[in-house]
Amino acid sequence: MSTDSTRDFVHEGYDVAYVQEKWLPVWDELAPFRSGRPEDLRPKKYVLDMFPYPSGDLHMGHAEAYALGDVIARYWVQKGFNVMHPMGWDAFGLPAENAAIKAGIDPAIWTDENIAVQKASMRRYACSFDWDRTFNTCDPEFYRWNQWLFIQLFERGLAYRKASNVNWCPKDQTVLANEQVIAGLCERCDTPVVKKKLTQWYFKITDYADRLLDDMSQLEGQWPEKVLTMQRNWIGRSSGANVSFTIERRTEPVTIYTTRPDTLYGATFFVVAADSDLAAELALGSSVEGKFKEYLEKIKSASDIDRLATDRPKSGLFLERYAINPVNGEKLSIWASDYVLADYGTGAIMAVPAHDQRDLDFARAMDLPVRVVVDTGEEDPSVSGVATAGNGELINSGPLNGKAKDEAIAFINEQLERDGLGKAARNYRLRDWLISRQRYWGTPIPIIHCPSCGEVAVPLDQLPVKLPDAAGLDLKPKGTSPLGGATDWVNVDCPKCGNPAKRDTDTMDTFVDSSWYFLRFPSSTDQTQAFSKEAVETWLPVDQYVGGVTHAILHLLYSRFVTKVLSDMDLLSFNEPFSRLLNQGMVVMEGAAMSKSRGNLVRLTDELATHGVDAIRLSMVFSGPPEDDIDWKDVSPSGSVKFLNRAWRLSGDITSAPGVDFTTGDISLRKATHRAVHDAGFAVESLRFNVAIARIMELVNAARKAVDSGCGPTDPAAREAVEAVAIMLSLVAPFTAEEMWERLGHQPSVALAGWPEVDETLLIADSVIAVVQINGKIKERIEVSPLISDHDLEIEALAHPTIIEALVSCGVVTRGHPQQVIETAPVIVAPPLLVVDVAGGVKVPGVYSLPADSRVTDAIKAAGGIEKGMDMSEINLARILRDGEQIYVDPLVATNAPKNTAVVRSVKKKSGPININRASVKELDALPGIGPVLAERIVKFRKVNGPFSLPEDLQKVSGIGSSKFAQFKSKIKV
RNA sequence: GCCCUCGUAGCCCAAUGGCAGAGGCAGAGGACUUAAAAUCCUCCAAGUGUGGGUUCGACCCCCACCGAGGGCACCA
């Protein structure tokens, strides 16, 4: 076939270009990744890659993300799961519209063309997507359900319109959500964002703030900690109190929010946000009104970027009005300033300069008094210029004097509530989600504005409200929606009263589309509903979500919100959409993000043409932990090519027939194979794909050696090894793997071959190196069977003169015969006796020791079973302990402990003998022959009858045998 | 300023508190070759950022510092 490219690829290997062409049609035919239909009995897995925006062809970032998602999806298919791994397009958005304006192409056509390009590239990249379920969000069949979702929220009061100061991007000529403003700049085009007072549509995500925060405990350990932290920061819950202050010459009091109600006596002035209605009202008609307007103009012209400079000097204006401190009746001067935000809390604060840095800065700038009310022992803030926020004793605070911070907060909250002056309150940084946009290429908001009925939802049977044709519309950004220009489209009759009315001309933020798209895949062709509840019950929640950390807040928070709303509507039975999240890193070049302007852009198509699909996929997966950035300068695709060739050559060397009985094969190669399959599988499940690849490479090396100079190519074990390589390799290098599978005499597709069954008896090594440590220092290494008994191992160890010598030098008396040392050793009081490692693990006298490959359940059994009432649901009883893994079984650990640590954890050994008059139940329990029950009885006895006078008393009280007692007599004292 | 994560051979990275090295890249030598490429074999290298602590034993746990990266940043 491709003779031209042969020169580039064939180095005693296979023709990559040819093989890539060869298998695609075969796979199209077999469709190995079509997910099961309702009657499928296999357990399900829903693996989802974040769907892309269709601008241009795929790039290196896509290549990494899809390679990673593919490993997971293909692995679960091999493991016999019914895997749904769908793909679609997030197809609405500004780039299409901007391209339309620039080149005059209909956004729909531009989008469709890009989707076609990307889809073809995904096929060539051998992504294991189930194409039967695909959709894109600009299809009316999708966005009608987007409109349906909007109406559901609207009818529940969760979608509403309000006028407020919003973020406005002057370049894109549209509003932005808070989440789309990064450091004062438009997320998309880096233009400084300005504030504009507009009436916009919002989703009431703040109603769900507590649940969005609290439900994160379900995600702990399953989502990157980083993302959870970012979401917590973003929601920004704080607790404090609302306190109402009387304002002179005003009938209504003003409520302020504070996190430090304990410092109420330290308030020395009062500040209102300069851009709030309250400030304008207070200034109205006063002598400072002129100055106030001037000040307001000045701060409005300051951009958000200026505002973000935290070291900016404080500015403000005295309004010549006063507030009355409710706790002591003091008159506080009222100031207007831009350091108080109008839309957080109530837009007004009490200022406590001694204990709040911002207030202190303002007080120093305006020469206002500072009163310390919490004595932290630090320097006086009015002198040091540093506010003290720490704990201390309350002073100058009337009834609060002498109390500690927490105590004072509780006390004052109670008092305020009793006197009707305030009460404990919570606040959030999170704002409602602004979802309307003044652009064309998005989902029309399905609302009709009627002069007499107000906002009326479009009846569900009239959905979708389709976008008017772009032709003939002026799409250029001009601050109002282009849809307003479609006169025929805008003017409709009110669905309620039938009188002339107008459609809402805004479109929805595209994050609305992606906030529920994962619910659509299970029933993507359903024309009667957004999603089939039954199908969603089958597939959701998503078992593994893969995508960039750039969506840590926006998309993931919105998706969680919408899921909770739908769950409240009883349309879903779960309240978190994504059980497990993997954030892949970025592909960078020499430490910097790739970009055309930087001149460090690596083009995916070039890389694929040079090295082939498999080598690029392998390089992406092998380069390091998936969440780390990949620096392409550190990546060696040609190294991947070499490895793939090595693996491929093996498949041609095997001379046995398919179906041969592996159990008769060479035992040492079989052990290597089963160890590799076991470890690689474990690594994939732990998302440590780079480690999984390393295990496959090891097996390739072992197989090569075995074929060349070991058991030879005819041995069944050689076939077993190479077949295992092909199957494992199919997760990352599908073309190579398929080619190998064929050369091994099998029918396609290797993707469906099934993950090799691990024979656990083959996981036990022939022999292990036991490391003998004395006082923690390695003294000797001896090769022994992993099945050796403790006793025999001790004898082996003591046969070495170096060991005897080391024991003598640390105070162990030898009496000529090694065996006698064993008997005397436990009596030595010097804590480290003889610590013998087995196969990298440890055996310590007094700790349960189990044979190699025991499971957690065996450990619990050895320790006498499980206490009543223990919650075992979080404990993986089937987990195999590593050879000689040192474990400590603690049946007294309470429920709710983190996974796998409730009963099994590393030994923390106490040094020296235990004082039985002070020992806890746990410490006594650890002694041989004393279980938890007995330990408890001993402690109770001690409480009733006073301390033991001799160690021997313990034996009498507990009634244990003297031989048992002798075992730990040396480890206790009084 | 606050919070989080990470510092292991020249490089990318492994290592349940128990032999510091699994794998790869780069490098050196050898076999094959007229030669080169490719292939195969062998070898090379750090004592885990620094200083303390806990432990019989620390890359791993704790504290401080240094360095890198990320998040938040007038949210009262």
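Each chain gets a letter, A, B and so on, in the order its sequence line appears, and its residues count up from 1.
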Strand partner of [N], provided both Watson-Crick or wobble distances fall under 3.5 Å:
N     : result
B/G1  : B/C72
B/G18 : B/C56
B/G7  : B/C66
B/A37 : none

Heavy atoms under 4.0 Å, any strand shown: does [X] hit a base, just sugar-phosphate, or nothing?
X        : result
A/Arg695 : base
A/Ser623 : sugar-phosphate
A/Phe622 : base

Compare side-chain N and O positions of [X] against OP1 and OP2 of [N] and report whether any pair is under 4.0 Å apart.
X        : N     : value
A/Ser238 : B/A76 : yes
A/Lys633 : B/A26 : no
A/Arg232 : B/C3  : no
A/Asn701 : B/G24 : yes
A/Asn233 : B/C3  : no
A/Tyr344 : B/A76 : yes

Are A/Gln231 and A/Trp223 close enough that a side-chain donor and a side-chain acceptor fall under 3.5 Å?
->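 There is no such pair between these side chains.
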
Using only heavy-atom distances, determine whether the side chains of A/Asn427 and A/Ser238 contain a donor-acceptor pair under 3.5 Å.
->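 There is no such pair (donor and acceptor under 3.5 Å, judged by atom type) between the side chains of A/Asn427 and A/Ser238.
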
For [N] and [M], measure between their [atom1] atoms and round to the nearest Å.
N     : M     : atom1 : value
B/A38 : B/G27 : P     : 11 Å
B/U50 : B/U39 : C1'   : 46 Å
B/G17 : B/G53 : C1'   : 15 Å
B/A58 : B/A68 : P     : 29 Å
B/G18 : B/C4  : C1'   : 30 Å
B/A45 : B/G51 : C1'   : 27 Å
B/A14 : B/C60 : C1'   : 13 Å
B/G23 : B/C43 : P     : 12 Å

Residue [X], side-chain heavy atoms: nucleotide from [options] that is nearest:
X        : options             : answer
A/Arg688 : B/G24, B/C12, B/A15 : B/A15
A/Tyr257 : B/A26, B/G23, B/A76 : B/A76
A/Asn690 : B/C13, B/U42, B/G23 : B/C13
A/Arg429 : B/A22, B/A73, B/A76 : B/A73
A/Pro625 : B/C25, B/C13, B/C11 : B/C13
A/Arg704 : B/G23, B/C41, B/C72 : B/C41
A/Glu698 : B/C25, B/C72, B/A22 : B/A22
A/Val691 : B/C72, B/A14, B/C25 : B/A14
A/Thr259 : B/A76, B/A26, B/G23 : B/A76
A/Asp634 : B/C12, B/G71, B/C25 : B/C12

Identify whether the glycosidic angle of B/G17 places it syn (within 90° of 0) or anti.
->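 Anti, since the glycosidic angle lies more than 90° from 0.
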
Is the number of heavy atoms from other residues, nucleotides or ligands under 6.0 Å of A/Lys633 NZ greater than 12?
->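 Check passes, neighbour count above 12.
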
Look at A/Arg649 together with A/Asp653 and state whether they make a salt bridge at an N to O cut-off of under 4.0 Å.
->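 A salt bridge is absent here (no side-chain N lies under 4.0 Å from a carboxylate O).
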
Going by an N to O cut-off under 4.0 Å, is there a salt bridge joining A/Asp356 and A/Arg260?
->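 Salt bridge absent between A/Asp356 and A/Arg260.
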
Return the orientation label for the A/Phe682 and A/His678 ring planes: parallel under 30°, perpendicular over 60°, tilted otherwise.
->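 Taking A/His678 first and then A/Phe682, their aromatic rings lie parallel (interplane angle under 30°).
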
Looking at A/Tyr339, does the NZ or CZ of A/Lys314 lie under 6.0 angstrom from its six-membered ring centre and within 45 degrees of the ring axis?
->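 Judged by the rule (NZ or CZ under 6.0 Å from the ring centre, within 45° of its axis), A/Lys314 counts as positioned above A/Tyr339.
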
